[in-house]
Amino acid sequence: MSSRKKVLLKVIILGDSGVGKTSLMNQFVNKKFSNQYKATIGADFLTKEVIVDDRIVTMQIWDTAGQERFQSLGVAFYRGADCCVLVFDVTAPNTFKSLESWRDEFLIQASPRDPESFPFVILGNKVDLENRAVSAKRAQQWCQSKNDIPYYETSAKEAVNVELAFQTIARNALAQETEAELYNDFPDHIKLNANDNSRNKDGDNCAC
Amino acid sequence: MSCVSDLSQSNEYLSFRSSIPLRKIVVDSDSSKAWKIFDCGPKSVACPLICLPPVSGTADIFFKQVMGLATRGIRVIAAEPPPYWNLKEWCDGFKRLLDYLELDKVHIFGASLGGFIAQIFAEYTKNCPRVASLVLCNSFTDTSVFEYNDSSALFWLLPSLVLKRMLMGNFTTDKVDRRIAESIDFMVERLESLNQSELASRLTLNCSPHYVKPHLLKDIPVTVMDVWDENALSAQVREDMYKSYPQAKLAHLKSGGNFPYLSRSDEVNLHLLIHLRQFDGTDLTPSFLNLHKLPISHTNQPEEATVSYFNQPEKFVTIT
């Protein structure tokens, strides 16, 4: 493998409660699914190493409680995110309608450098169920209207498209991270005089 | 010593120093040897989180953990050992400190050397466990990574200026962001405040040949916390940690330099909270509050109190 620096990708999963965020993460990381619903409390994360274009990257996947909405988890939680995954339940139209506000919430909290191009991925989960209520077309249209966000129809239960979706998530996150890194290397020198350290790139958009 | 760094002038630090007393506790026959501790949080909590500093640190370097986690009802003790010249002496001293504080078991957040000794202590007390869990931050399992093994026997006679030079060499200030720069300034100040025997003894512990036997610790919940930027320990040392603790939760930080508890305190506190949450409702809980967020209260006699969720002090939740 390449001797390049190891990369850490921070991925955040958001969406209404009960859409299957934890199940998707568990299916991807542990290859396990449980029919039993247990509401996530607080936030938790799992790590997994994946290979993207011959590069080993470590994904740190943060799962949140759906009820968490509008109750800020604090910047620490959102800081340095490389990709945001928005999940809805294809059998529950309200969860689809909430996507917009989840996206806004993320952009406000994480305030990425370039909100327009920040990588999102939308997952329509529970396609194994019969009583589907949000058509693929409707979801795709919405995704197209939002700067062509990639859209996958998944089933955490039957492991449909989960691997594929997370591959895309990792790839897009890596592209984002590489870009962020270029930014970080700019400027080459920061002088650490007492008067000079207010001017740097930490958090703000200074290209100096 | 004059404290002029931004962090030691910050309101948070000043408030920490003005609200929590620095206690000196002598547990050795030599009365000049005293542990220095900041003990914050409810004394009713029997299994607190103890923070152990790296070579260059003093107890107050954990002020952001003490202040941040206190709002979640967690009892945090930042502890700084007196000069001990070998690991056994250190472990005996620490055990006496725990006895003095009447603590059966503790969670330990150990940074670098602090994390190494925490593992040694857990190993040392494995027959009568005193360690409930470990959070190892930028730490290591074998002192050979420092390549000073041979010369460490002579540290005791080196003047403090030379010892400080040895440490300062690791404090890169190249290409770092403001928060990392502040953390380095603060740590340099702490380093300046240490005397020769404190420094020499810690460096001796840090560099004398010794390694941890992690298989003896496999029953202890561990979180391995590390920073992935260039300042910190080499990638090889980090890999060794993962291999030593395959069952551990891995809390990677993208950046933060050598002192993430200062430079990335919000992220570090979030990881500490997630680590400590697994003990909710057990005898080993470090907090008098439930660290999981309470969704809705079903209790008859709710009591209102302010606790902050991920450092959001304005949130109100109901506690029982």
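Numbers restart at 1 for each chain; the letters A, B, ... are given by sequence-line order, proteins then strands. Keep in mind that the numbers below use all heavy atoms, side chains included, and drop hydrogens, waters and symmetry copies.
When the shell of 6.0 Å around CG of B:D283 is examined, it contains 12 or fewer heavy atoms from other residues, nucleotides or ligands. With a 6.0 Å radius and a threshold of 12 heavy atoms from other residues, nucleotides or ligands, A:N131 has its CG atom above the threshold.
Applying a 4.5 Å heavy-atom cutoff, the residues of residues 80-91 of chain A that approach chain B are A:G80, A:D82.
Comparing A:L9, A:L46, A:T47 by how many heavy-atom pairs each has under 4.5 Å with chain B, the most go to A:T47.
A distance of 6.0 Å or more separates the ring centres of A:F77 and A:F45.
With salt bridges taken as basic N to acidic carboxylate O contacts below 4.0 Å, one links A:K6 and A:E49. Between A:R132 and A:E153 there is a salt bridge, since a side-chain N of the basic residue sits under 4.0 Å from a carboxylate O of the acidic one.
Geometrically, A:R103 engages A:F120 in a cation-pi contact, judged by NZ or CZ lying under 6.0 Å from the ring centre and within 45° of the ring axis.
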